[in-house]
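Shown next, in structure tokens, is the structure this report addresses.
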Amino acid sequence: MLLLAFPDYLEQAQRLATQLNVPISQTFLHRFPDGESLVRLPPALPRHIVIFRSLDHPNDKLIELLLCAKTARKLGVHRITLVAPYLCYMRQDIANNPGEAVSQRIIGQLLADLFDDVITVDPHLHRISRLDQAIPLQNAISLSASGVIGSYLQSQLNHAVLLGPDSESEQWVAGIASEIGFEYGIAKKIRRSDHDVKITLPNRNFSGHPVVVIDDMASTGRTLTQTIHLLHKAGATEIYAAITHPLFCDDAETAIRSAGVNGIWSTDSIRHSTSCIRLDELLAAAVRSIL
Ligand code: R5P
């Protein structure tokens, strides 16, 4: 087996290869002035390769994965496992307006056509409960970062109230809270547009307590920003954010920091300055489980 890495995700790939004790090779990528991609794989490949790439900013990356997978097959590879700690296009699971593409299904089918196995972490599944409903593969594996996030929180804080900013976050927040014995609450969220969310805190006392807001992703950062503002008003002593996928688009991080956060802790599903929680052991265990 060989782990195929990409220049934008090399450090994490090296850590995963070390965990798996497998060789690593880099994919050569060149972006032409017109935006097209040139992809070059090592010409001698084993029967099984693991392609490791997180799919934030996905449009170019998806084309490059298509080129990689098709080329690998031509070079005689029999099994291709995609490990994508962040999985793109999972949020649009219905057509909200006539004529709208249901990207979760379309991209899911594309990945199922290209790969034999897909492993990811906390994909944003809303109306479906299993990843194989989006990516029709026997090995469509969805891991949870709750365990590593919980351990990290325990190493940083003796006690805190964990807060999920919306009903969807309860699955992660409740799991982490029961694992590490912290209390938790769940806020209500109405999203009016990409940058406009209204949060209502749960009816509990935050005054005098440290609070950790836990979410699967921070994109525009408005969910966190609003929640942090409200927690300050409610008298929380310290406020932290623990995020699985630190997308942090445009001014997201600035907005969150300006709201007054004491620390942002993210997993390394996406390379970011806040990525202090490592996923390599979790991912390696999942790869080993399918061999
Ligand atoms: C939504 O359901 C997700 O769990 C996140 O709360 C959301 O994607 C965060 O988005 P933003 O950072 O743009 O508010």
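Indexing begins at 1, ligand by ligand and atom by atom, following the structure's order.
The aromatic rings of Trp265 and Tyr240 sit parallel to each other, their planes meeting at less than 30°, with 60° as the upper class boundary.
Close contacts of ligand 1 with Gly221, meaning ligand atoms under 4.0 Å from a residue heavy atom, involve 11 (P), 12 (O), 13 (O). Contact atoms of ligand 1 toward Asp166: 1 (C), 2 (O), 4 (O), 6 (O) (distance under 4.0 Å to a heavy atom of the residue). If you number the atoms of ligand 1 from 1 as listed, the ones under 4.0 Å from a heavy atom of Asp216 come out as 3 (C), 4 (O), 5 (C). Set against the non-hydrogen atoms of Ala218, the atoms of ligand 1 under 4.0 Å away are 12 (O). Close approach of ligand 1 to Met217 is summarised as follows: ligand atoms under 4.0 Å from at least one heavy atom of the residue are 5 (C), 8 (O), 9 (C). Listed by number with element, the atoms of ligand 1 under 4.0 angstrom from any heavy atom of Arg91 are 8 (O). In summary, the atoms of ligand 1 found under 4.0 Å from a heavy atom of Arg222, numbered by their order in the structure, are 12 (O), 14 (O).
Of the options His124, Lys189, His126, Glu168, the smallest heavy-atom separation from atom 7 (C) of ligand 1 is shown by Lys189. The residue among Asp215, Thr244, Thr223 with a heavy atom at the shortest distance from atom 6 (O) of ligand 1 is Asp215.
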Let me see the working for His159 and Phe182 under ring pair (Phe, Tyr, Trp, His ring centres under 6.0 Å), right down to the final yes or no. CA-CA 6 Å; His159 77 100; Phe182 287 13; 7.5 Å; no

Might you work through the side-chain hydrogen bond (donor to acceptor under 3.5 Å, both in side chains) test for Arg91 and Ser103, ending with a clear yes or no? CA-CA 8 Å; Arg91 280 178 280 187; Ser103 48; over 6 Å; no

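Considering only heavy atoms from C-beta on, Leu29 comes within 4.5 Å of Val39 through its side chain. Looking at His57 and Leu247, their side chains never come closer than 4.5 Å, going by heavy atoms from C-beta outward.
Of all protein heavy atoms, the one closest to atom 13 (O) of ligand 1 is Thr220 OG1, 2.6 Å. Remark: minimum distance from atom 11 (P) of ligand 1 to any protein heavy atom is reached at Arg191 NH2, 3.2 Å.
Checked against a 6.0 Å centroid threshold, the rings of Phe6 and Phe52 do not count as neighbours.
In this structure, the separation between OG on Ser266 and CZ on Arg271 is 14.0 Å, given to the nearest 0.5 Å.
For the pair Asp268 and Arg278, the salt-bridge criterion is not met [side-chain N within less than 4.0 Å of a carboxylate O].
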